[in-house]
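Since the structure comes first, as C-alpha cells, the remarks are kept for the end.
If you're wondering where the values come from, they're calculated on a predicted model, not measured in any experiment.
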Amino acid sequence: MGDTYVEFFSDEALENVMCLLQYKPERVVYLGHKCTMLTRKIKSLKDFAKLKSPDTEMEFIEVPRDDLEECINALEQVAYKYPDAYYELTGGGEMILIALGYVSATHYLRTLRIDPYTGLEVNMIPGSAPTQHKDNIRISVKENIILHGGQLTRQTGSYATWNFTESFKEDIRQIWDIARRLQHKWNRYCSVIEDVIKANPCDEFGRYSLPKSNMGEAAILLAKLNGVGMLKDYHTDNKRIKFRFKNDGVKHIVTKTGNILELHVYEVASRKPELFTDEIIGAMIDWNGDKNEEEKKAFASDYQKYMNASYDTINEIDVILMKACVPIFISCKSGKASSNSLHELETVTRRFGGKYACKALAMALPCDTTSSGTSFFKQRAKEMHIWVIDNIYAMTDEELLKKLEQLHN
C-alpha cells in the first residue's frame with residue numbers, strides 16, 4: 001500500500017502501531033491531543049518502532065482538544081502534504097474524528113482500520129466498495145512490554161531460570177502428575193524440603209545428605225520423585241536420605257512451592273503455538289524501563305496509588321501469553337489467593353496491556369465457596385473482569401488447554 005499512514009494518537013498503545021506492524025511504511029504521522037500525546041508515551045512508541053520498523057519516519061502533530069477549526073486545519077495540511085496517505089481510524093479524540101469527517105467531504109481520503117483483537121483489516125477507498133482481509137500481525141511479550149513503557153529484566157524466568165528442552169518439558173509433566181495426586185500436601189512437602197536443604201547444603205558434586213528426622217512426611221515426595229527418575233544416586237537408611245537432583249530445573253521446581261503450577265500452565269499453553277504465538281514464564285517487569293530518576297518517579301505514580309510502591313517498581317507476572325498482538329497476563333496460585341492478588345493483577349495488566357489485554361488467575365485448588373455454593377472471591381474477580389481457572393489439580397491437560405483457549409477480554 002502507501003508510504004504514509006496517519007494515525008490518531010490513542011491512550012491505548014496497541015492502537016498506535018497496527019499500520020506500523022502490518023506495512024512498515026516510510027512514514028507514520030500521528031495527530032493527537034496534548035493530554036494524550038505525552039512525552040513518555042511517544043518515547044515508548046519510538047523504542048518499539050526501533051525493534052519492529054526501524055526505517056519508518058515518525059512525525060507527531062499536536063492538535064487542540066476543543067477547537068474543531070484547528071483540527072480541520074491540521075488535517076487539511078496533512079492531506080495537502082501527503083495526498084496519497086492512508087488514515088487509520090482506530091483511536092483518536094472525538095474532535096479529530098469529527099474533523100476527519102468534514103475534511104473527507106472535500107478531499108480524497110483513503111481510510112482503513114485494523115482490529116488489534118482479530119487482525120481484521122477493513123479498507124475504504126472513495127469510489128470503491130469496502131474490502132477486508134485478515135492480517136498476520138504479531139508481537140512478542142518483550143515487545144509488548146516495551147511498547148507500554150516497561151522492560152523485562154534479566155531475572156525473567158524464561159531467560160534466567162528455565163531451559164525448555166523437550167526433556168525438561170517431559171520432566172514438568174512427570175512432576176505435575178505427582179503434584180496433582182498430592183494436592184495440598186505438595187506445598188507442605190516442598191516447603192519442608194526447601195528448609196532442610198538450606199540447612200544441609202550439597203557437596204561439590206551436588207549430592208545431598210538430609211536427616212530423616214527433619215524431613216517427616218516430606219520424605220514421601222522424594223521417594224515419589226525418585227520413582228519417576230527425577231533424582232539420581234538415591235539411597236536411604238534409618239537416619240539419612242542421600243541423592244542428587246536430575247538437573248537444576250528439577251531442583252528449582254521441588255524447592256519452591258508455586259513453580260510447578262506456573263510451569264504446568266506454561267507448558268500446556270506452549271502446545272498450541274498457532275494460537276499462543278509467544279509465552280514467557282516468571283516475567284520480571286521493570287515499570288520504568290531505562291528512564292532517568294525524575295521520569296521514574298512520575299512513571300510509577302499509577303502503581304503507587306494501588307500498591308504503595310517505590311518509584312523503581314518491579315513486578316513479577318507468573319505467565320504471559322500472546323495471542324498475536326493481545327497479551328494474556330496469568331497469576332498462578334498453588335494455595336489460597338487474596339483480594340490483593342486480584343488488585344495487583346488488575347494494575348499490572350492495565351499498565352502493560354491496556355483495554356485489549358486479558359487477565360486470569362490460575363489456581364491449583366478450588367475456590368472456597370459458601371454454604372449456598374457461591375464464591376465471593378470469584379464474584380469479585382468477575383467484577384474486575386478477571387478470569388478464574390480453579391481446581392487445576394482436577395483437570396486433564398486437555399481441559400486446561402481448552403480453558404486457556406477461551407480466555408479473552
Next on the checklist: As a quick check of understanding, evaluate side chain to side chain contact (heavy atoms under 4.5 Å, CB included) for Q155 and I314, giving each step before the final call.
Outcome noted: CA-CA 11 Å; Q155 286 71 44; I314 293 178; over 6 Å; no
Next on the checklist: One thing to verify: whether E217 and R188 come together as a salt bridge, which I'm taking to mean a side-chain N less than 4.0 angstrom from a carboxylate O.
Outcome noted: yes
Checklist outcome for this item: To the nearest 0.5 Å, atom NZ of K52 lies from atom CG of L20 at 9.5 Å
Next on the checklist: Is any side-chain heavy atom of L147 closer than 4.5 Å to one of N16?
Outcome noted: no
Checklist entry - Does S10 reach the main-chain N or O of E12 with its side chain, forming a donor-acceptor pair under 3.5 Å? => result yes
Next on the checklist: Tell me if a side-chain donor or acceptor on R180 pairs with a main-chain N or O of I392 at a distance below 3.5 Å.
Outcome noted: no
Checklist entry - Is there a donor-acceptor pair closer than 3.5 Å between any side-chain N or O of T56 and the backbone N or O of P25? => result yes
Checklist entry - Just by distance, do the side chain of D318 and the backbone of C332 share a donor-acceptor pair under 3.5 Å? => result yes
Checklist entry - Atom CD1 of I260 and atom CD1 of I175: how far apart are they, to the nearest 0.5 Å? => result 5.5 Å
Checklist entry - For the side chain of S191 and the backbone of N187, is there at least one donor-acceptor N/O pair under 3.5 Å apart? => result yes
Checklist entry - Taking NZ, NE, NH1 and NH2 as the nitrogens, is one of them in E59 or K81 under 4.0 Å from a carboxylate oxygen of the other? => result yes
Checklist outcome for this item: Residues T257 and W186: closest non-hydrogen pair is O-NE1, 3.3 Å
Item to check | Result of checking L221, T255, D195, I253 against C190 for side chain to side chain contact (heavy atoms under 4.5 Å, CB included) | outcome: L221
Item to check | E383, CD: over 12 other non-hydrogen atoms inside 6.0 angstrom | outcome: yes
Next on the checklist: Looking at S209 and K242, would you say the former's side chain and the latter's main chain have a donor-acceptor pair under 3.5 Å?
Outcome noted: no
Checklist entry - Considering only heavy atoms from C-beta outward, does the side chain of D171 approach that of N247 to under 4.5 Å? => result yes
Item to check | Residue pair K333, L365: steps toward the side chain to side chain contact (heavy atoms under 4.5 Å, CB included) verdict | outcome: CA-CA 8 Å; K333 298 296 179 184; L365 297 167; over 6 Å; no
Checklist entry - Got a sec, which residues hit side chain to side chain contact (heavy atoms under 4.5 Å, CB included) with L97, two or more places apart in sequence or on another chain? => result F8
Item to check | Cationic N near anionic O, under 4.0 Å, K402 to E398 | outcome: no
Next on the checklist: Rounded to the nearest 0.5 Å, what separates atom CD1 in I285 from atom CD1 in I145?
Outcome noted: 4.0 Å
Checklist entry - Under a 4.0 Å N-O cut-off, is there an ion pair linking K378 with D390? => result yes
Checklist entry - Can K403 and E399 be counted as an ion pair, charged N to O under 4.0 angstrom? => result no
Item to check | Heavy-atom pair with the smallest gap, counting every atom of M18 and P116 | outcome: CE-CA, 3.7 Å
Checklist entry - side chain to side chain contact (heavy atoms under 4.5 Å, CB included) between Y82 and R27: does it pass, once the steps are laid out? => result CA-CA 10 Å; Y82 306 113; R27 181 184 301 102; 3.4 Å; yes
Checklist entry - Would you say L45 and V17 make side-chain contact, with heavy atoms under 4.5 Å? => result yes
Checklist outcome for this item: All heavy atoms of C367 vs all of S375, minimum pair found to be CB-OG, 3.7 Å
Checklist entry - What is the distance from atom OG1 of T118 to atom NZ of K134, rounded to the nearest 0.5 Å? => result 5.5 Å
Next on the checklist: Taking side chain to side chain donor-acceptor pair (under 3.5 Å) as the criterion, tell me which of E15, H408, K323 meets it with Y356.
Outcome noted: E15
Item to check | Minimum heavy-atom distance L222-M215, with the two atoms named | outcome: CD1-CE, 3.5 Å
Next on the checklist: With heavy-atom distances below 4.5 Å as the criterion, would you say the side chains of Q174 and I178 are in contact?
Outcome noted: no
Checklist entry - Any side-chain heavy atom of R110 within less than 4.5 Å of one from D84? => result yes
Checklist entry - How about H235 and D233: does a side-chain donor come under 3.5 Å of a side-chain acceptor? => result no
Checklist entry - Does K142 reach the side chain of Y159, with side-chain heavy atoms less than 4.5 Å apart? => result yes
Checklist entry - Any idea how W162 and F168 line up, ring-wise: parallel (<30°), tilted (30 to 60°), or perpendicular (>60°)? => result parallel
Checklist outcome for this item: In terms of heavy-atom contacts, C71 and I96 come closest through SG-CG1, 4.4 Å
Next on the checklist: If the condition is side-chain hydrogen bond (donor to acceptor under 3.5 Å, both in side chains), which residues does D278 pass it with, not counting sequence neighbours?
Outcome noted: none
Checklist entry - Where the side chain of R65 meets the backbone of H33, is there a donor-acceptor pair that is under 3.5 Å apart? => result no
Checklist entry - Are K359 and E346 close enough for a salt bridge, meaning some N to O gap below 4.0 Å? => result yes
Checklist entry - Between V196 and P211, what is the shortest heavy-atom contact and its length? => result CG1-CD, 4.3 Å
Checklist entry - Below 4.5 Å, heavy atoms only, C-beta onward: do K212 and I241 meet side chain to side chain? => result yes
Item to check | Under-4.0 Å salt bridge between D11 and K41 | outcome: yes
Next on the checklist: I'd like to know if K43 and D47 make a salt bridge, using a cut-off of under 4.0 Å between side-chain N and carboxylate O.
Outcome noted: yes
Next on the checklist: By the ring pair (Phe, Tyr, Trp, His ring centres under 6.0 Å) test, which pairs, at least two apart or in different chains, include something from residues 205-230?
Outcome noted: Y208-F243, Y208-F245
Checklist entry - Should the pair Y23 and Y5 be assigned to parallel (<30°), tilted (30 to 60°) or perpendicular (>60°) ring geometry? => result parallel
